[in-house]
Number of protein chains: 2
Amino acid sequence: MTSDFTIAVHSLVYLAYLPGNRASSEAIAHNVATNPARIRKVMGALRNEGFVKTREGIHGGYMLAVNPELVTIGQVYETISRGALQPKWQTGDPDHGCPVSSNTQNVMDCIFQEAESSYAAFLHQYTVADVLEKIENRHQTV
Amino acid sequence: MTSDFTIAVHSLVYLAYLPGNRASSEAIAHNVATNPARIRKVMGALRNEGFVKTREGIHGGYMLAVNPELVTIGQVYETISRGALQPKWQTGDPDHGCPVSSNTQNVMDCIFQEAESSYAAFLHQYTVADVLEKIENRHQTV
DNA sequence: CCGTACTGTAATTTTATTTTGTACAGTTTA
DNA sequence: TAAACTGTACAAAATAAAATTACAGTACGG
C-alpha cells in the first residue's frame with residue numbers, strides 16, 4: 001500500500017494548523033518530508049473532492065476548503081486510498097478443477113472488501129481536528 | 001503487504017476440504033499456485049500457533065490440527081499478518097521544530113494500530129469452515 | 001542401515017511496487 | 001513580461017515481495 005493516505009492526512013492537518021490555512025506544495029513537502037511533485041499529486045485528488053482549493057500562479061498554493069472539525073480521516077481514506085488494502089497477488093488458478101483453487105480468490109476478494117469497510121468505518125471516528133489535537137497534546141506531554 | 005494471510009487461509013481451507021485433512025507442501029503449493037518453499041514458511045508459522053501439525057520424512061506433510069468450524073480467519077490474520085497494514089514510510093521529521101512535522105507519524109501509528117484491530121475484529125466473524133462453504137456455494141451457483 | 005520422500009531454512013535472483021527526481025507546459029499577478 | 005506557483009508526465013532509484021535454488025535434517029520402508 002502507498003503512503004498517500006498518510007500524506008493526505010498530514011497535509012490537511014498541517015493546513016488546519018497554519019493560521020491562514022494555506023501553504024505551497026514546497027512548504028507542505030518540507031513539513032511532510034517528501035518532494036513537492038508528490039504533494040501536488042495528492043493535493044490534486046483532495047481538490048477534486050473539495051477538501052482543498054488550489055490556486056495556480058504567483059502566490060498560489062493550497063488552502064483548506066472544509067471545516068477540519070467536520071471532515072473525518074475516514075472520508076480522506078475513502079477518496080485517496082479505497083482499495084489499497086486488497087492484496088494484488090492472486091491465489092490459486094481459475095482453471096484448476098478444484099473449487100478451492102479456482103474460487104478462493106473470489107471469496108477472499110469479497111472478504112477483503114468488507115474488512116476494508118470496517119477499517120474505513122473506524123477511521124470515520126476521527127476528524128482532521130481530532131488528529132491535530134492529538135498531535136498538539138502529545139507535544140505537550142511527551 | 002505480503003499475501004501470506006491469503007496463502008494461510010487458502011491452505012487451511014484446502015486442508016479442511018480434503019478428506020484426510022492432510023497434504024504435502026507441494027500439493028498445497030500447486031493448489032495455491034506458488035512454490036513449496038513459500039508454503040512451508042507460512043505453514044511453519046501456522047504450526048507454531050497450533051493450527052496444523054507437520055510431519056517430516058517420507059509420507060510427511062501438513063495436517064489440520066484444529067476444528068475448522070472453530071478457527072476464525074481473524075485468528076489466522078493475527079498470527080500471520082499482524083502489523084502488515086502499517087505503512088513503512090515515515091511522514092515528517094522528528095527533529096523539525098513544528099509539532100505537526102515531528103508528531104504526525106506517532107499519532108498516525110497509533111491510529112493505524114487501532115484501525116487494524118477493527119480490521120482483525122471483522123475477520124473474526126468468519127471461520128475457516130465459513131470460507132470453505134462460501135467457496136463451495138459459489139462453485140454451484142456461478 | 002541405506003535410499004526415498006518429505007520438511008526447515010537460508011541465500012540469491014527476479015519481479016513488482018513505491019518513492020524520488022527532473023522537466024516543462026500552463027496559470028496568475030505584480 | 002518575468003516571477004512564482006500548480007499540473008502532469010516520465011525516468012530513475014530505492015525498496016519490498018515473490019520465486020528459485022540449494023541443502024541439511026528427519027522419518028519411514030525395504
Side-chain angles (χ1 to χ4, degrees), chain A residues 1-8 10-11 15 18 20 22-49 51-65 80-81 83-93 105, chain B residues 1-8 10-11 15 18 20 22-49 51-65 80-81 83-93 105:
Chain A
M1 152 204 30
T2 75
S3 297
D4 288 352
F5 169 62
T6 303
I7 289 178
H10 188 146
S11 300
L15 288 178
L18 292 173
R22 25 193 333 354
S24 69
S25 63
E26 200 179 326
I28 299 171
H30 183 245
N31 199 272
V32 167
T34 184
N35 53 294
R38 194 176 184 193
I39 295 296
R40 295 202 282 264
K41 204 156 53 102
V42 172
M43 296 310 269
L46 291 179
R47 176 205 54 220
N48 291 342
E49 299 301 317
F51 293 107
V52 298
K53 284 215 171 83
T54 75
R55 217 166 79 193
E56 296 186 21
I58 196 167
H59 298 148
Y62 301 91
M63 185 170 181
L64 201 58
I80 297 290
S81 290
L85 262 45
Q86 198 101 4
K88 286 141 218 259
W89 190 85
Q90 300 278 112
T91 191
D93 172 5
Q105 183 65 54
Chain B
M1 149 205 33
T2 75
S3 297
D4 288 353
F5 169 61
T6 304
I7 289 178
H10 188 145
S11 301
L15 288 178
L18 292 172
R22 20 186 357 326
S24 69
S25 63
E26 200 178 326
I28 299 172
H30 183 244
N31 199 271
V32 167
T34 184
N35 53 293
R38 193 174 183 196
I39 295 296
R40 295 202 281 265
K41 202 156 52 101
V42 172
M43 296 310 269
L46 290 179
R47 178 204 55 220
N48 291 342
E49 299 301 318
F51 293 108
V52 298
K53 285 216 170 81
T54 77
R55 216 166 80 194
E56 296 185 21
I58 196 166
H59 298 151
Y62 301 91
M63 185 171 182
L64 201 59
I80 297 290
S81 290
L85 262 45
Q86 197 103 3
K88 287 142 218 256
W89 189 85
Q90 300 278 112
T91 192
D93 173 4
Q105 183 65 53

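Proteins come first, then strands; the chains are lettered A, B, ... in the order of their sequence lines, and each starts at number 1.
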If I take atom CD from residue A:Q90 and atom OG1 from residue B:T6, how far apart are they, to the nearest 0.5 angstrom? 9.5 Å
Atom OG of B:S24 and atom CE of B:M43: how far apart are they, to the nearest 0.5 Å? 10.5 Å
Among [options], find the nucleotide with the atom closest to the side chain of [X].
X     : options                : value
A:A37 : C:dT18, D:dT8, D:dA17  : D:dT8
B:H59 : D:dT6, D:dA18, D:dG29  : D:dG29
A:W89 : D:dA19, D:dT6, C:dG8   : D:dA19
B:E56 : C:dT19, D:dG25, D:dG7  : D:dG25
A:R47 : D:dG7, C:dT18, C:dT7   : D:dG7
B:T2  : D:dC28, C:dT29, D:dA17 : D:dA17
B:Y62 : C:dG8, D:dA4, C:dT4    : C:dG8
B:T54 : C:dT7, D:dA19, C:dT19  : C:dT7
B:S25 : C:dT7, D:dC28, C:dT18  : C:dT7

Within a strict 4.5 Å, meaning less than it, do heavy atoms of the A:R38 and A:S3 side chains meet? yes
Within the 4.5 Å heavy-atom criterion, are A:S11 and A:V32 side-chain neighbours or not? yes
Quick one: [X] [atom1] to [N] [atom2], roughly how many Å, whole number?
X     : N      : atom1 : atom2 : answer
A:K53 : C:dT28 : NZ    : P     : 15 Å
B:R40 : D:dA24 : CZ    : C1'   : 12 Å
B:I39 : D:dA18 : CD1   : C1'   : 12 Å
A:K88 : D:dA18 : NZ    : P     : 11 Å
B:R38 : C:dT7  : CZ    : P     : 17 Å
B:I28 : C:dT7  : CD1   : C1'   : 11 Å
A:Q90 : C:dT17 : CD    : P     : 11 Å
B:N35 : C:dT7  : CG    : C1'   : 14 Å

Please list all pairs meeting side-chain hydrogen bond (donor to acceptor under 3.5 Å, both in side chains) that have one or both residues in residues 51-62 of chain A, counting only residues at least two apart or in different chains. none
Are OP1 or OP2 of D:dA4 and a side-chain N or O of A:S24 less than 4.0 angstrom apart? no
DNA chain C: A:G57 or A:M1, which has the more 5' nearest nucleotide? A:M1
Given DNA chain C, 5'-ward residue of the pair A:T34 and B:A23, judged by closest heavy atom: B:A23
Taking CD in A:Q86 as the centre, count heavy atoms belonging to other residues, nucleotides or ligands within less than 6.0 Å. Is the count above 12? yes
Result for 5'-nearest mapping on DNA chain D, choosing between A:G44 and B:D4, is A:G44
